[in-house]
*Asks:* 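This is the structure, below, for whatever I ask next.
Here, residue 1 is the first one in the sequence, and each next residue gets the next number. Note that these values count all heavy atoms, side chains included, but never hydrogens, waters or copies made by symmetry.
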Amino acid sequence: MGIGNLVTNISRNQGFLFALLSAALFMSACQPASEPSELIANLNASHIAEVTSVTAMPREPLSQEVYIWQRQWRPANQTALAQSQGVFQGLRILALQAHPKPNGADIWFEVAVNHAWLQADHRPKVAVIRLDGQLSHLNDEAVIHKISQVLNSWQAKGIHITGVEIDHDSASSKLPAYRDFLKKLKAQLPAELKLSITALPAWLNSTDFPALLTYIDELVLQIHSVSDPRLGLFDATQGWQWVQQLSNISTVPYLIALPAYGSAVISTASGYKVESETPLRGQLNDSHAVEELMADPQVLQAFVHKLQSRTDAKLKGIIWFRLPLEGDKRVWPLDTLIAVAQQGELTAKIELVLSSDNDIQTTLATENKAKSQQILKPQLFQLSLINRGNIAGDIPASLSLAGQACSGYDAQNGYRVKQKNGLLIWQWRAENIAALAPTDTAPSATNMPMPQAHKQTQKHMLNPGGQKVIGWARCESLYLQGIYAP
């Protein structure tokens, strides 16, 4: 607000106060006298309310950033960086990772990022250092030396970073040692680099947590994948409680890390294992059951809306885990992530595609209404379901197609086909509960305990961008009569 406008507002408010005072004095002549202090208090309250209504400014939207967590960069990284421009204001890039080794020697892995692609991206960048929570101890000098090497390497290759984030799932009992490490690291970092840490909700109940904030500039609260994996990736009610708890404790700005990915919970004789980016099933000989879990876009969209309404000045933004790449089987498509982040429409668009060697016919199905184009040439048709929307949708329980001079047909991938009243009807076989790949159809088991999730395996959904071949027919013509959801 400019100085001239401020003076105008003050003058207007003074005039309002004078008029209100005159009216109050007139009314006081007709009513029992009030105490002067009471009258002044009432006038002050009215004046403050009027000034507030004039000068109040709307809250700025929370910033939205995204993690780049791939350990092996490929051309899809460059594509995703370009497509995410204008949506996410900052990048958090996995740069260095340390794993414990049984003999006590830590294993270090430096991510071979493509520096040219990062240099071409002008968004603020934070280098993330992942220190496994199972490390027996933090060798301060060795870890700080490794971090310095990476930072110097990035700087030499023209990558400007604005900060360093330490991702260390420390046990609450080891927070004092972690604090000492952060103190040493902060003292050796360049002054212009911001030091962030990823925090676990369990730390919020530790008396050692507030002291941890003394040596950092920013906090990232991770509220996904922090509970029993059988309970799902994200609990909105519990997550909100953690946000409120942090709001009452934090003395530094903070951001909230939210999930945009899925994982599998594998039951073995020795307990439950979680499979996310790295395949585990080939390494487990005693696995019994596999449950696919995926963060629910609609739940997360509602949570983002709630976060945007908070008035805590320390809450600065949201960071999504992780940037989707083409071919990534356990992450939302980028269209879904953008829609959730920007509060856009979320919808599934299941289509039936009839394809042949000579032509392709696409039949759209929306609210049980179909538009079709008849193909007259005799040919072999392949039937496929495709989801062109941005969230998963239920696969149809039944599809009816009118065919002329059909000499053969068959169904596959959980469907069966029969001929009735001149129609070919593909029906979903509910008894088929075989495990399917995450990119095709997956059980609807989001955020559910294992026993309940197992009951849901008969309900299958088609993920955004997913395609499912359901059969074939050899006919002179074939077109859709109806499509029916479960």
Side-chain angles (χ1 to χ4, degrees), residues 261-264 289-299 328-333 335-336 339 345-355 360-372 381-403 409-420 423-448 452-473 478-486:
Y261 66 96
S263 62
V290 178
E291 297 294 336
E292 291 284 349
L293 304 176
M294 180 66 73
D296 189 326
Q298 293 173 316
V299 170
D328 191 338
K329 297 179 179 180
R330 288 208 172 94
V331 69
W332 295 346
D335 288 346
T336 305
E345 181 183 5
L346 291 172
T347 181
K349 296 179 181 178
I350 307 296
E351 301 177 359
L352 174 66
V353 173
L354 302 179
S355 58
I360 295 179
Q361 172 193 4
T362 302
T363 306
L364 307 181
T366 305
E367 299 179 356
N368 298 339
K369 297 179 182 178
K371 298 178 182 180
S372 62
F381 293 96
Q382 178 176 278
L383 288 71
S384 302
L385 296 174
I386 295 180
N387 185 353
R388 302 193 190 279
N390 55 21
I391 59 171
D394 296 336
I395 63 173
S398 178
L399 301 98
S400 299
L401 292 96
Y409 48 83
D410 198 5
Q412 61 190 99
N413 287 330
Y415 277 87
R416 59 187 172 191
V417 61
K418 64 180 180 179
Q419 192 170 28
K420 183 178 180 180
L423 298 176
L424 293 178
I425 303 174
W426 270 261
Q427 290 182 321
W428 172 250
R429 300 175 59 177
E431 67 271 17
N432 183 0
I433 57 174
L436 299 175
T439 51
D440 188 10
T441 56
S444 176
T446 304
N447 298 333
M448 300 182 64
Q452 296 180 19
H454 182 72
K455 297 177 182 178
Q456 295 293 323
T457 53
Q458 293 189 16
K459 181 180 179 182
H460 286 78
M461 307 182 79
L462 193 61
N463 289 334
Q467 180 171 350
K468 181 180 180 68
V469 177
I470 66 171
W472 61 269
L478 188 67
Y479 57 94
L480 186 66
Q481 288 286 90
I483 182 169
Y484 307 99

*Asks:* Answer yes or no: is there a side-chain heavy-atom contact under 4.5 Å between Leu385 and Pro396?
*Replies:*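 When only atoms from C-beta onward are counted, Pro396 and Leu385 do touch, with a gap below 4.5 Å.
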
*Asks:* Rounded to the nearest 0.5 Å, what separation is found between the CZ atom of Arg388 and the OG1 atom of Thr347?
*Replies:*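 Arg388 atom CZ to Thr347 atom OG1 measures 14.0 Å (nearest 0.5 Å).
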
*Asks:* If you take all heavy atoms of Ala392 and Asn463, which pair is closest and at what distance?
*Replies:*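 So the two residues come closest at CB-OD1, 3.6 Å.
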
*Asks:* Looking only at heavy atoms, what is the nearest atom pair of Gly414 and Trp428, with distance?
*Replies:*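 So the minimum-distance heavy-atom pair works out to O-CE3, 3.2 Å.
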
*Asks:* Which heavy atom in Leu478 sits nearest to a heavy atom in Gly403, and how many Å separate them?
*Replies:*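 Heavy-atom minimum between the residues: CD1-CA, 3.9 Å.
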
*Asks:* About how many Å separate CG of Leu401 and CD of Gln419, when rounded to the nearest 0.5 Å?
*Replies:*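 One gets 12.0 Å once the value is rounded to the nearest 0.5 Å.
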
*Asks:* Please round to the nearest 0.5 Å and tell me the distance separating atom CE of Met294 and atom CE of Met461.
*Replies:*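 Answer rounded to 0.5 Å: 11.0 Å.
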
*Asks:* Can you see which heavy atom on Asn387 is nearest to which on Leu462, and at what distance?
*Replies:*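 Heavy atoms only, the tightest pair is ND2-O, 2.9 Å.
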
*Asks:* Tell me the closest heavy-atom pair linking Gly389 and Pro464, and the distance in Å.
*Replies:*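 What the structure gives for the nearest pair is O-CB, 3.6 Å.
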
*Asks:* Restricting to side-chain contact (heavy atoms from CB on, under 4.5 Å), what partner residues turn up for Leu423, sequence neighbours left out?
*Replies:*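 Scan of Leu423 (side-chain contact (heavy atoms from CB on, under 4.5 Å), adjacent residues dropped) gives Ser400, Ala402, Ile425, Gln481.
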
*Asks:* I want to check something: taking the side chain as every heavy atom from C-beta on, are Leu354 and Gln382 in contact at a cut-off of under 4.5 Å?
*Replies:*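 A side-chain contact under 4.5 Å is absent here.
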
*Asks:* Closest heavy-atom contact between Tyr415 and Trp426?
*Replies:*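 Where Tyr415 meets Trp426 most closely, the heavy atoms are CD2-C, 4.0 Å.
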
*Asks:* Give, for atom CG of Leu383 and atom CD1 of Ile470, the distance between the pair rounded to the nearest 0.5 Å.
*Replies:*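 CD1 of Ile470 is found 5.0 Å from CG of Leu383.
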
*Asks:* Between CG of Leu399 and CG of Leu424, what distance do you get to the nearest 0.5 Å?
*Replies:*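 These two atoms lie 11.5 Å from each other.
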
*Asks:* So how far is it from Glu292 CD to Arg330 CZ, rounded to the nearest 0.5 Å?
*Replies:*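 Reported to 0.5 Å precision, the distance equals 4.5 Å.
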
*Asks:* Mind checking side-chain contact (heavy atoms from CB on, under 4.5 Å) for Pro297 and listing every partner two or more places apart, or none if nothing turns up?
*Replies:*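 Partners of Pro297 under the side-chain contact (heavy atoms from CB on, under 4.5 Å) test: Trp332, Thr336, Val340, Leu346, Ile391.
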
